[in-house]
Amino acid sequence: MTTSHYIAGHWVEGQGSDCISVNDPALGQPFAELTAASVSQVDQAVAAARSALPAWKSTSASERAAFLRGFAEQLGHRREALITLQMRNNGKPRHEAEIDLDDAIATFCYYAELAEQLPAKNRTVPLAAPGFTARTRLEPVGVVGLIVPWNFPLVTSAWKLAPALAAGCTVVLKPSEVTPLIEQTYGKIADALGLPAGVLNIVNGKAETGAALSNHNGLDKLSFTGSNSVGSQVMRSASAQCRPVTLELGGKSAIVVFDDCDVDQAVEWIVAGISWNAGQMCSATSRLLVQDGIADALLPRLQAALENLRVGNPLTEEVDMGPLTSQAQWLKVASYFATAREEGLQCLAGGHALDREGWFVSPTLYTDVPKDSRLWTEEIFGPVLCARRFATEEQAIAEANDSRFGLVATVCSADLERAERVADALEVGHVWINSVQAVFVETSWGGTKGSGIGRELGPWGLSAYQSVKHVTRCLG
Ligand code: NAD
């Protein structure tokens, strides 16, 4: 049993009714337990963030930048422990756990730099009309609630926490109940750095705790990453209070492979886009559109590459892919295998759970999947790839865009002019050309259509936590 809530600068026991099991998905067994925060503890966390706000927003941008650099440094000091915890609780292969940690560190460093540039953004605005001056002030939005999922716990929280603190906001963070230990590190770092009490609060819990936070009338903004079903509830709460919300939701992204590609290189990109994090990525490129001229050569090699992936326990084996992170996710993916059988889909690889302890499934490929199949249209969140063939560029663009989601896409082609043209035509927030899942803190993250509202990362990630004020003075 661990003490797991960080409120007003203190670690406290949960007083909620939910008991949370923290599991090792490779064994399918719990290794820690904690009690969720109660609704009144969520109130206390919001109150602590509110009372810390005036002092925190008055700190200089360079003081805040120093704290952010401290977060980056302290993450580095905890490197091995954090990598091991992600392998154990998420089932991430070591190299992926390392990438996540480095991403979180880079995020804190980047927003430290942006914080230092903030004073220069408060500037005089030239007016065409005579007799007045105006100046801009970028102010923090205020007290923000941050609700995150379990698939990239270190990263998703860093993408919200770093810009929120840089802007001068105070924060209540609610990690996922599936991975509640990882973000405790941010509280421990806050302690180690002497971050003023109440600037960062962490409450753990399930839906009840999340809803208590997202419905709370003491917040000035909520930033949510997670599923569309919960996202729409969060948006309803925000709308009831006319309060801003950022939503980073699901995806069903396309990878478009033209027939001028090197087949082996294309196979590498396709496999990475569906097997990293065992396919539990909002940005998984789970719809493969392959051009007629290359399909017959590519699909057998893709089948072999998926079948050759080393799937196992990242803590004890050399693996390319670990288990699914939770039993719920494992059951969900298994239900799609059953649907595929009912729909009579052609399965070229996998299509079943692995016969071993833990929550493993085989990397899976279905081909010639009909456009109205549930496997083509719904986010599965596992290593399940569906393929369709196309003839022309126009057809590829139309099929890629024919989705209620619009998070990312990948375009693979030796013809860079064509690749850029297709990238411009895709209705998504981020396109990779001849690369896969490369995320840089300087670029933006977020989707169109059902994939969400707003952007994280880059300067947009900071402005999500800022409000613009103008002061206009009459000279007369
Ligand atoms: P989820 O929506 O079930 O949970 C997300 C968070 O919301 C968790 O902390 C959960 O406890 C909390 N929550 C649950 N019910 C709530 C309620 N009623 N009110 C408020 N909070 C509540 O999602 P998940 O299963 O943890 O994550 C998977 C989903 O996240 C996928 O759909 C994936 O695409 C999406 N995701 C999106 C991005 C992105 O950047 N667009 C990134 C990662 C994950």
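Keep in mind that what you see is a predicted model, and the values were worked out from it rather than measured. Order of listing sets the numbers, starting from 1, for every ligand and every atom in it. Numbers for residues simply follow the sequence, beginning at 1.
Compare Trp150, Trp445, Phe405 by their heavy atoms: the one nearest to atom 24 (P) of ligand 1 is in Trp150. Within the set Leu173, Val148, Asn228, Leu407, the minimum heavy-atom distance to atom 6 (C) of ligand 1 is found for Val148. Nearest-residue assignment for atom 21 (N) of ligand 1 (options Ser326, Gly210, Gly251; heavy-atom criterion): Gly210.
For ligand 1, the atoms closer than 4.0 angstrom to any heavy atom of Asn151 are 43 (C), 44 (C). Under a 4.0 Å criterion applied to the non-hydrogen atoms of Ser176, ligand 1 contributes the atoms 9 (O). Residue Pro149 approaches ligand 1 through these ligand atoms, each under 4.0 Å from one of its heavy atoms: 24 (P), 26 (O), 27 (O), 43 (C), 44 (C). In the vicinity of Ser214, heavy-atom distances shorter than 4.0 Å reach the ligand 1 atoms 19 (N), 20 (C). Shown in contact with Phe381 at under 4.0 Å from a heavy atom are these atoms of ligand 1, numbered in order with element: 28 (C), 31 (C), 33 (C), 34 (O).
With contacts defined as side-chain heavy-atom distances shorter than 4.5 Å, the pair Arg78/Ile189 qualifies. At a threshold of 4.5 Å between non-hydrogen side-chain atoms, the residues Phe381 and Asn151 count as touching. Side-chain contact between Pro314 and Pro323 is present, with heavy atoms from C-beta onward closer than 4.5 Å.
There is no side-chain donor-acceptor pair under 3.5 Å between Ser232 and Asn228. Inspection of the Asn434 and Trp269 side chains reveals no N or O donor paired with an N or O acceptor under 3.5 Å. Judged by distance alone, the side chains of Trp359 and Asn23 never bring a donor and an acceptor atom under 3.5 Å apart. Looking only at atom types and distance, the side chain of Glu456 has no donor-acceptor partner in the side chain of Thr246 under 3.5 Å away. Side-chain atoms of Lys160 and Ser223 form a donor-acceptor pair, as typed in the model, at a separation below 3.5 Å. Side-chain contact of Thr170 with Lys57: a donor-acceptor pair under 3.5 Å is absent, judged by distance alone.
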**Asked** Does the salt bridge (Lys or Arg N to Asp or Glu O under 4.0 Å) test come out yes or no for Arg94 and Glu80, once each step is laid out?
**Response** CA-CA 10 Å; Arg94 169 168 277 276; Glu80 196 48 40; 2.5 Å; yes
**Request:** Go through Asp220 and Arg50 one step at a time and tell me if the salt bridge (Lys or Arg N to Asp or Glu O under 4.0 Å) criterion holds.
**Result:** CA-CA 10 Å; Asp220 297 306; Arg50 178 63 61 194; 3.0 Å; yes
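Distance remark: protein heavy atom present below 4.0 angstrom from atom 15 (N) of ligand 1.
The side chain of Glu379, and not its backbone, has at least one atom closer than 4.0 Å to an atom of ligand 1 (non-hydrogen atoms only; side chain from C-beta on). Counting heavy atoms under 4.0 Å from ligand 1, residue Glu248 touches it through both backbone and side chain. At a heavy-atom cutoff of 4.0 Å, ligand 1 is contacted by the backbone of Leu249 but not by its side chain.
Proximity of Phe224 to ligand 1 is established by a heavy-atom distance of less than 4.0 Å. In this structure, Thr156 has no heavy atom closer than 4.0 Å to ligand 1. Contact analysis puts Pro175 in contact with ligand 1, with a non-hydrogen atom separation below 4.0 angstrom.
Remark: ligand 1 and Ser451 share no N or O pair separated by less than 3.5 Å (distance only, no angle test). Residue-to-ligand polar distances keep Thr225 apart from ligand 1: every N/O pair is separated by 3.5 Å or more.
When each of Tyr111, Trp445, Phe108 is tested with Trp159 by the rule ring-ring contact (aromatic ring centres under 6.0 Å, His included), just one qualifies, namely Trp445.
A salt bridge does not link Arg69 to Glu73: none of the charged nitrogens lies less than 4.0 Å from a carboxylate oxygen.
Scanning the protein heavy atoms around atom 38 (C) of ligand 1, the nearest turns out to be Cys282 SG, 3.0 Å. At the top of the distance list for atom 18 (N) of ligand 1, counting protein heavy atoms only, stands Gln233 OE1, 3.2 Å. The shortest contact between atom 35 (C) of ligand 1 and any protein heavy atom is with Gly226 O, 3.2 Å. For atom 22 (C) of ligand 1, the closest non-hydrogen atom on the protein side is Val230 CG1, 3.4 Å. Ser227 OG, 2.6 Å is the protein heavy atom nearest to atom 2 (O) of ligand 1. Counting protein heavy atoms only, atom 12 (C) of ligand 1 is closest to Ile147 CG2, 3.8 Å. Residue, atom and distance of the protein heavy atom nearest to atom 10 (C) of ligand 1 are Glu177 OE1, 3.6 Å.
Between atom CH2 of residue Trp276 and atom OG1 of residue Thr285 there is a gap of 9.5 Å, rounded to the nearest 0.5 Å.
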